[in-house]
Amino acid sequence: MITELLITLAKILFIIGVTVGFFAPILTWVERKQSAIMQDRIGANRADILGFTALGLFHAIADALKMFTKEDFIPEGANKILHTLSPIIAVIPAILTFAVVPFGGVYNLFGREVNLVISDLDVGLLFVFAIASIATYGYVIAGWSSNNNWSLLGSMRTASQMISYEVTMGLTIIGVLMVYGSMRLTEIGAIQEDFSRWGIFLQPLGFLMFLTAAIAENKRIPFDNPEAESEIVAGYFTEYSGLKFGMFFMSEFIEMVTISAIVTILFFGAWHIPFLTTATLLSWFEILGTTGANLLVMLIHVGVFFAKVIFFIWMQMTIRWTLPRFRYDQIMKLGWKILLPLSLTNVLVTGIVILMLH
Amino acid sequence: MELLIFYPLAGFSLMLALGVVMNKSPIGSALCLIGMMLGLAGIFALQQAHFIAILQVIIYAGAIMVLFMFVIMLLNLKGTDTKWRARERNTLLTVLTTFLALGVLYKVITVIFEFNLDSPAKVPDTFGTAAVIGETLFTDFVLPFEVASILLLAAMVGAVVLAKTKLD
Amino acid sequence: MAYYVNRNVKMTWWERSYIPEILRGMYITSRHFFLNLFGFIPFFLGRKKEREIFTVYYPEEMVKYPPAYRGRPVLALNENGHPACVACGLCEIACPAYCIHIDPGCNSGKQNEIERWPEKFDIDYAVCIFCGNCEEACPEEAIFMSDDCEISMLDRKKMRYTKEQLLVPVAELKDRIEFTRKMYAKWNY
Amino acid sequence: MLDQYTGVAIMLLMAIGIAGGMVLMTSILGPKKRFADKMEPFECGESQLVSPRQRFSVKFYLVAVLFVLFDIEAVFFFPWAILFKRLGVFGFVEMLLFILILGVGLMYVWRRGGLDWE
């Protein structure tokens with residue numbers, strides 16, 4: 001019992017360390033640096049410690065320090081409690097989603113089965129959606145409580161965009177669930193050990209639609225109408241400063257990692273390397289003993305998983321710096337009139353194909 | 001062990017439920033209601049109803065409360081409205097709700113005493129999972145399932161008729 | 001040179017899905033990304049790196065501004081080491097932002113070289129709008145817009161430049177002087 | 001069965017701790033300088049002309065209602081999808097009916113302009 005708890009705790013600390021401690025600060029740097037490289041600029045490289053700039057990596061530290069020491073500003077007429085509460089409501093779901101995301105398979109370490117997921121829930125994928133639906137409140141309340149016209153416009157846009165794409169996001173992965181017959185993310189990952197059963201081959205349309213809906217749900221460019229700087233200043237977080245402002249960004253970046261992880265698990269073979277089953281890998285390192293081989297394979301799998309995640313983060317960044325922002329009615333049209341009927345059709349077509357094959 | 005988790009959760013839910021009624025500002029009430037729904041979902045999960053717990057979060061806390069939030073934000077009720085205050089002293093309503101609450105409490109207490117609490121029912125490991133619920137829903141309860149779709153259709157038509165009617 | 005965009009193009013179903021265009025756009029941006037990211041490899045292999053990009057890495061690299069650029073106004077210091085300015089005050093009047101302040105110095109009869117010169121000549125760059133009216137108004141070719149635009153600083157008081165800070169030898173302003181002669185001659189000043 | 005939620009519970013507590021700690025830190029560490037002009041809500045340098053506490057267009061409400069309805073529909077899909085191979089043709093026809101009935105609803109909403117944004 002105690003060992004189980006300790007293992008769970010270690011996994012939680014690892015995940016929180018990776019998301020909050022590594023990805024969230026690093027992605028602020030990546031976003032600037034990648035856009036700079038893409039647009040033939042040098043980009044962030046001014047912050048230095050003793051003249052040493054480390055490619056501008058210290059900007060992440062400088063940003064964090066600056067945000068901590070900024071004034072916590074609450075405008076007049078704003079609801080103080082809700083204004084303070086909303087960034088908390090926005091961040092918690094972003095972190096909590098990772099509780100069901102597996103980052104490796106099951107390994108036999110020191111005579112004990114270690115499953116590299118914090119909570120192996122039976123309703124894993126639904127848990128992700130449930131948590132995502134709670135995240136809406138953080139943004140809506142943020143705009144509403146600020147007593148600012150821009151914020152209110154932003155929060156109305158956020159609310160209708162997020163709820164529209166929540167439905168679509170749910171319906172686009174029905175096809176995947178039909179193919180794999182499970183909602184448990186660990187099971188879906190384990191099935192994809194077989195390269196021919198990767199989700200991208202079985203559900204290419206589902207992948208495209210899910211990625212679109214997920215980016216829209218995360219409110220990133222090209223779907224960043226809720227925070228459109230050039231239209232409504234910064235939308236729902238116009239009146240936020242300091243770390244409260246940073247927390248909205250943090251949740252956006254963590255959600256980006258979440259999306260990449262879910263896409264990897266559902267469509268790109270999770271932690272598996274194509275054509276290399278876990279058994280093959282284990283047989284290669286047989287000399288190291290059971291625990292040693294398992295440990296090595298575990299490290300390889302976690303590395304592969306995060307490499308895939310990083311690839312999808314890179315892809316989202318590329319999309320963000322390539323495509324212009326959609327108009328508001330275009331976003332709603334895409335969600336309700338194109339993705340929704342298309343995903344229903346996808347469900348029917350998948351059903352027919354599966355029935356024919358059986 | 002289960003009781004150790006149940007009582008804080010139940011207390012949390014009850015406190016938030018009280019918060020819904022006592023709160024002066026409508027949006028505060030709505031937030032309390034969301035918190036209560038989440039607490040309820042926790043209790044469902046404790047009773048091994050995993051699928052229902054998740055549905056509680058998705059449908060009630062995630063969807064229906066968004067609707068409530070929209071209504072509050074659209075109407076933008078002020079925290080201390082004069083009409084709102086006037087309702088506080090409606091004696092008939094107070095008496096009626098008190099009787100109703102007492103009736104419900106009586107029923108709850110009698111139901112509790114009917115059950116034998118010493119030996120809780122044993123449930124299989126798969127109890128409450130999505131697969132098991134789906135199995136019953138799509139074989140034994142096909143007709144209610146299809147009727148539900150017609151109900152949803154009616155609601156959809158109703159919403160559009162209400163929202164799209166031109167007043168002039 | 002106006003050209004018209006035909007907005008009535010009938011797009012095929014595949015084009016209307018925008019997927020090929022999105023992929024094309026992403027191809028272009030990611031090509032730039034990888035070229036710039038790994039473009040230094042030929043440099044290590046002994047080949048000279050050829051940059052195909054237009055941007056300039058600003059603080060390390062500077063561009064030469066064209067002579068028509070209007071940077072901060074400066075005073076010309078002629079070959080004899082005197083300011084060319086005669087303190088006539090035309091630029092002070094022409095200035096729409098009132099940022100020029102001149103105290104004229106008079107010839108007491110002893111100096112034969114110059115008749116009038118500015119005792120004090122201040123320009124407050126915190127106020128200046130870089131319109132170039134002073135240059136246009138100057139009858140003596142004494143005040144010129146330079147190509148220097150890096151005048152940001154933390155203290156507003158320090159942005160008020162005195163005569164000594166403003167003086168720049170004529171030789172450095174040759175391009176601009178020629179440009180103004182051409183421009184203002186054309187307009188028959 | 002219960003212990004699978006332990007991780008979620010610990011993670012929730014940790015997330016609350018992180019988020020709450022961040023808000024606390026920023027409110028303690030930052031300077032506090034209040035004056036009237038600064039505390040005004042941002043409106044591009046102008047004073048606020050209209051209060052944001054106004055009634056909003058009803059079309060946002062329609063989106064919310066449609067969202068609730070479709071969310072309930074989507075929830076029915078999930079258990080069906082994971083059981084699809086076991087239910088076979090019967091399950092498919094069942095869901096076809098469901099989708100058709102809701103498709104009629106969607107078409108009605110579409111034709112009445114419920115999904116249009118100007």
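Labels below follow one simple rule: chain letters A, B, ... track the order of the sequence lines, proteins then strands, and each chain is numbered from 1.
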Participant: Does the side chain of A:Leu348 come within less than 4.5 Å of A:Leu344's, by heavy atoms?
Facilitator: no

Participant: Given that the side chain runs from C-beta out, which part of A:Ile163 has a heavy atom under 4.5 Å from chain B: side chain, backbone, both or neither?
Facilitator: side chain

Participant: In terms of ring plane angle, is the pair A:Phe248 and A:Tyr139 parallel, tilted or perpendicular, where the classes change at 30° and 60°?
Facilitator: tilted

Participant: Would you name the heavy atoms of B:Thr97 and B:Thr94 that are closest together and state the gap between them?
Facilitator: OG1-O, 2.9 Å

Participant: Side chain, backbone, both or neither: which part of A:Ile81 has a heavy atom under 4.5 Å from chain B?
Facilitator: neither

Participant: Identify each donor-acceptor pair in which a side-chain atom of residues 144-163 of chain B lies under 3.5 Å from a protein atom, sequence neighbours left out, and give them as a table.
Facilitator:
from     : atom 1 : to       : atom 2 : distance (Å)
B:Ser149 : OG     : B:Glu146 : O      : 2.6

Participant: Using the side chain to side chain contact (heavy atoms under 4.5 Å, CB included) criterion, which residues pair with B:Tyr60? Sequence neighbours excluded.
Facilitator: B:Met37, B:Gln56, B:Ile64

Participant: Which bit of B:Ile59 comes within less than 4.5 Å of chain A, counting heavy atoms only: side chain, backbone, both or neither?
Facilitator: neither

Participant: Please walk me through it: do A:Ser146 and A:Glu239 pass side chain to side chain donor-acceptor pair (under 3.5 Å)?
Facilitator: CA-CA 6 Å; A:Ser146 298; A:Glu239 292 294 354; over 6 Å; no

Participant: With sequence neighbours left out, what residues match A:Tyr165 under ring pair (Phe, Tyr, Trp, His ring centres under 6.0 Å)?
Facilitator: A:Phe223

Participant: With no hydrogens and no angle check, just 3.5 Å: does a side-chain donor-acceptor pair link A:Tyr240 and A:Ser86?
Facilitator: yes

Participant: Of all of A:Tyr137, A:Phe127, A:Phe129, which one pairs up most often with chain B through heavy atoms under 4.5 Å apart?
Facilitator: A:Tyr137

Participant: In terms of heavy-atom pairs under 4.5 Å with chain A, which of B:Val57, B:Ile27, B:Leu55, B:Leu31 leads?
Facilitator: B:Ile27

Participant: Taking heavy atoms only and a threshold strictly under 4.5 Å, list by residue number the residues of residues 13-22 of chain B that touch chain A; give 'none' if the list is empty.
Facilitator: none

